[in-house]
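This report concerns only the one structure given below.
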Amino acid sequence: MLKNYIKTAFRTLVKNKAYSVINIAGLAVSLCAAILILLWVWDELSYDRMHGKVDRIFQLSTTFDASSDNVWPVGPPPLALFGKAEIPGIEEACRFSNSEAAITKVNDNRKFTESGQYVDPSFFKIFDFSLLEGSQQTPFPDNSSIILTKTLAKKYFGDKEAIGQTVLVTVDPAAADSKRNFRVTGIVDDFPLNSSIEADFLLPFDLLNENREGEGLDAEWGNFGYRTFFLLQNGTNPKATEKQLADLHRKNNDAEIFKTLVYYLQPLENLHLYNGKGEERGMQQVRIFTLVAGIILLIACINYVNLVTARSTRRSKEVSVRKVVGANRLHLFWQFITESVVVFIIAMALAIGLTYAAMPLYNGLSGKEMTFSLLDTRVWLLFGCTLFAVVLLAGVYPALLLSTFKPVQALKGILPGIGKNNGFRKALVVVQFSCSVVLIIATIIISRQLEYIRKKELGYDKENVFLFAQRNFIGRFDAIRAELESQPGIKGITAASSDISNIGSGTGDIEWEGKPASMANFMVNQMAVDHQFLEVMDIPLTAGQGFSGMPSDTSYIVLNETAVKQMGLEDPVGMAITFRNSPRTIIGVAKDFHFNDLKKAIGPCVLFAEASMPLGGMYVKTTGNDAAQAIAAVDKLWKQYNSEFEFDYQFMDESFDKLYKGDIQAGKLFNVFAGITILISCLGLFGLVTFTAETKFKEIGIRKTLGASISNIILLISKDFLQLVGISFLIAFPVGWWMMNKWLANYVYRTGMEWWVFVIAGFTAFAIAAITVCGKSLKAAKENPIKAIRTE
């Protein structure tokens with residue numbers, strides 16, 4: 001019996017080629033798109049889940065005001081040691097610090113640029129990163145030990161045994177005399193791509209205590225610059241531990257600023273998609289993409305249901321004849337179910353092929369390195385759920401519909417629940433085009449927001465400016481600047497302690513006359529700058545003046561407008577202030593500029609000059625046409641003073657785009673999948689119009705014979721469908737407004753949702769539908785009427 005069902009299903013598909021192609025193509029493209037979307041979703045959700053104790057690992061975050069959005073994923077170095085020793089719920093603690101150390105192989109002229117981490121020995125007790133060689137209990141026998149990743153060991157030593165080998169490490173790239181030999185004591189497997197913790201090498205955290213007086217970092221309760229992870233005991237309440245950590249801090253340092261100190265323990269598994277306070281960061285995008293995958297599959301099922309029920313009048317005589325010759329209701333039911341399953345299996349096979357073919361392009365577009373494997377149980381779960389939905393929505397309903405009517409009535413053309421009663425099909429068309437219009441609205445607004453970000457005035461000039469770490473340039477900066485400024489194509493040279501587009505340093509060490517007690521925890525962003533920084537970066541002053549380049553600059557600071565406003569200062573220029581434990585004078589007020597991404601409001605900022613803070617970043621401003629000459633001039637000097645290192649520079653446009661890399665990539669993917677959704681909707685609409693034209697074939701012939709024009713025929717076929725598309729706007733517009741309003745809420749600085757966005761979205765959807773419907777209608781209207789009526 002099953003063999004007969006399958007054979008009949010294939011005969012039906014071959015007999016109705018256009019119908020079969022539309023159904024199979026729609027399902028195949030939908031499945032492929034859903035797989036690709038869900039691969040992205042699964043990758044996002046898989047971050048940091050590779051650790052066996054992931055449910056007990058937490059990252060520390062800090063704020064000085066629980067009502068503030070300023071939360072930093074760092075803490076003071078003593079907190080890890082004291083916390084483990086004095087809080088029973090803490091099993092282990094590990095501190096991290098980024099390492100700018102440069103590694104070279106002894107007696108080798110090859111230059112490598114790597115990124116590493118200083119970590120405590122407890123690193124391998126907390127995390128399950130695989131230590132291929134070495135001791136997990138004592139990974140760093142001394143402060144001259146280093147652990148390399150498998151790839152790095154291969155790069156340096158080839159197939160030779162790396163353990164016990166020596167590498168030359170420049171611990172502090174700013175100090176030429178900081179080179180020393182380190183012995184390789186461990187090889188760790190490469191860190192997974194879906195890990196929030198990344199490194200090419202690991203150095204002992206205690207190395208940072210060398211050359212520090214007294215207790216070193218272990219007494220620096222005010223130094224909030226170190227990522228800290230805690231492994232809690234089973235059953236420990238993280239919220240209670242947060243409070244214990246804050247109390248412990250105040251017990252050891254009861255400074256006024258720490259009275260409102262709050263610590264958060266963020267679960268490791270939430271690190272990638274949430275901020276320190278547990279608020280969504282990337283999770284909203286994950287939900288949106290999951291919704292889009294569901295919409296795509298839903299629309300494909302809607303197309304199938306619509307086409308099957310639309311064709312029911314043609315299948316009615318076939319079913320009636322089957323009933324007359326003895327087929328019962330159950331036989332017919334399973335026949336239609338089998339047809340749905342056969343269609344799905346063919347579509348699934350095509351979808352698998354399309355997915356494999358699309359993966360290289362998709363990875364390039366998404367910026368990930370995902371793999372599609374048929375051994376992944378989640379893929380088969382997706383296929384199974386989709387098959388169930390197709391059979392339930394697109395198989396069971398038509399099967400019940402066509403297997404229950406009476407053959408005598410059907411042979412006369414009387415079909416209860418089918419015939420003219422097509423309200424169900426109309427509702428489905430409205431649903432699928434409502435989804436399409438919502439996605440068009442979302443596509444326009446996302447594109448506008450990303451364009452708004454790129455074009456927004458930042459308060460400084462980032463055009464034609466490239467930035468790089470100075471390394472050995474620092475000690476001879478003035479001489480190098482003088483030489484470079486004489487080169488063609490270079491308009492200015494300056495330096496600062498960090499990247500202006502993402503200042504990561506802040507302090508609460510700022511006092512002024514009249515400072516209210518309520519501002520004891522007032523935090524400012526800080527950046528040390530060269531005296532030409534404001535001029536080269538084109539940051540205007542609204543009051544006072546900038547730095548002069550004289551030694552007296554260390555006694556001055558420049559505030560931004562937001563700092564002046566939040567501090568409540570009137571006429572601040574010339575006012576005495578204490579900053580970083582030193583008396584200073586406010587010399588100028590800079591116009592506000594964006595030093596973080598546009599998801600955050602501009603905060604208070606202090607620009608200052610201080611000999612103890614190295615200006616590690618050099619900014620070179622070029623004329624656009626001569627950028628290559630400017631880079632060559634810098635490269636020449638680089639080889640002279642930094643021959644051990646590669647010249648690694650980045651234009652500020654690229655640095656700025658990195659802040660929004662995830663948003664930009666997600667926006668591109670969203671556009672692609674929105675286009676696929678609209679395509680599938682139009683495919684279903686095309687199928688319905690095609691069938692409608694076929695069923696009205698004789699009517700069209702008679703009307704044309706009686707004098708109906710081509711436009712009359714097009715209107716006859718198209719009006720119902722285009723009305724349904726128009727009705728979908730009433731649903732799509734409010735849903736689209738609500739959805740995108742929530743998405744834009746992630747940005748403090750954002751584009752508006754103008755009325756014309758909805759007009760364009762509606763017009764676009766209507767135009768696409770009209771072209772689809774009217775194109776097929778026109779073809780039907782041009783048919784020779786004699787063909788339609790010659791048998792009557």
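These numbers come from the heavy atoms of this one structure, side chains and all, not from hydrogens, waters or symmetry mates.
Nearest heavy atoms, Ala528 versus Leu615: O-CD2, 3.4 Å. The two residues Phe670 and Ile446 have their closest heavy-atom pair at CD2-CD1, 3.9 Å. Scanning all heavy atoms of the two residues, the minimum distance from Tyr274 to Gln266 falls at O-NE2, 2.8 Å. The minimum heavy-atom distance linking Lys84 with Glu92 is given by the pair NZ-OE1, 3.0 Å. Glu220 and Pro78 get closest at one heavy-atom pair: O-CD, 3.4 Å. For the residue pair Tyr47 and Ser196, the shortest heavy atom distance occurs at CD2-OG, 4.1 Å.
In summary, of the residues considered (Phe466, Tyr619, Trp638, Phe468), a ring-ring contact (aromatic ring centres under 6.0 Å, His included) with Tyr649 occurs for Phe466 alone. When each of Val529, Ile500, Asn525 is paired with Leu607, the side-chain contact (heavy atoms from CB on, under 4.5 Å) condition holds for Val529 and for no other.
For Asn560 (side chain) and Cys605 (main-chain N/O), a donor-acceptor pair under 3.5 Å exists by modelled atom type. When atom types are taken as modelled, the side chain of Asp509 and the backbone of Asn581 share a donor-acceptor pair closer than 3.5 angstrom. Without hydrogens or angle criteria, Arg95 side chain to Val119 main chain gives no donor-acceptor distance under 3.5 Å.
Side-chain polar atoms of Asn642 and Asn472 form a donor-acceptor pair below 3.5 angstrom. Residues Thr623 and Asn464 have side chains that never bring a donor and an acceptor to within less than 3.5 angstrom of each other. For the residue pair Ser501/Asp499, the side-chain donor-acceptor check at 3.5 Å is satisfied. For the residue pair Thr751 and Arg448, a side-chain donor N or O sits within less than 3.5 Å of a side-chain acceptor on the partner. Under the 3.5 Å distance criterion, with hydrogens and angles disregarded, a donor-acceptor pair is assigned to the side chains of Arg227 and Gln59. Under the 3.5 Å distance criterion, with hydrogens and angles disregarded, a donor-acceptor pair is assigned to the side chains of Tyr263 and His249. With no hydrogens or angles considered, a side-chain donor-acceptor pair links Glu279 and Asn275 at under 3.5 Å. Checking Gln526 against Ser505 by side-chain atom types alone, a donor-acceptor pair falls below 3.5 Å.
In this structure, Lys277 places its NZ atom where more than 12 heavy-atom neighbours from other residues, nucleotides or ligands lie under 6.0 Å away. Atom NZ of Lys456 sits in a crowded spot, with more than 12 heavy atoms from other residues, nucleotides or ligands closer than 6.0 Å. Within 6.0 Å of NZ in Lys668 there are 12 or fewer heavy atoms belonging to other residues, nucleotides or ligands. Around atom CZ of Phe229, more than 12 heavy atoms belonging to other residues, nucleotides or ligands sit under 6.0 Å away. A 6.0 Å sphere centred on CD of Glu457 holds no more than 12 heavy atoms belonging to other residues, nucleotides or ligands.
With a 4.5 Å cut-off on side-chain heavy atoms, Gln650 and Leu467 do not count as touching. Looking at Glu269 and Leu45, their side chains never come closer than 4.5 Å, going by heavy atoms from C-beta outward. Two residues are said to be in side-chain contact when any heavy atoms from C-beta on lie closer than 4.5 Å; Leu744 and Met753 meet this criterion. Between Phe127 and Leu268, the closest side-chain pair of non-hydrogen atoms falls below 4.5 Å. Counting heavy atoms from C-beta outward, Val286 and Leu273 have side chains that approach closer than 4.5 Å. Within the 4.5 Å cutoff, side-chain heavy atoms of Met618 are placed close to those of Phe477. Between Leu484 and Val634, some side-chain heavy-atom pair lies under the 4.5 Å cut-off. Residues Thr62 and Val71 fail the side-chain proximity criterion, which asks for heavy atoms closer than 4.5 Å.
Under the rule for a side-chain hydrogen bond (donor to acceptor under 3.5 Å, both in side chains), the partners of Tyr747 that lie at least two apart in sequence or sit in another chain are Asp663.
Pairs passing the side-chain hydrogen bond (donor to acceptor under 3.5 Å, both in side chains) check and including a residue from residues 582-591, sequence neighbours excluded, read Arg584-Glu610.
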Under 3.5 Å, which donor-acceptor pairs do the side chains of residues 534-543 form with other protein atoms, sequence neighbours left out?
residue: Thr542; atom: OG1; partner: Val589; partner atom: O; Å: 3.3

For the pair Leu245 and Leu265, evaluate side-chain contact (heavy atoms from CB on, under 4.5 Å) and give the outcome as yes or no after the intermediate values. CA-CA 10 Å; Leu245 287 168; Leu265 289 179; 4.1 Å; yes
Can you check ring-ring contact (aromatic ring centres under 6.0 Å, His included) on Tyr226 and Tyr118, steps first, answer last? CA-CA 10 Å; Tyr226 300 88; Tyr118 294 99; 9.3 Å; no
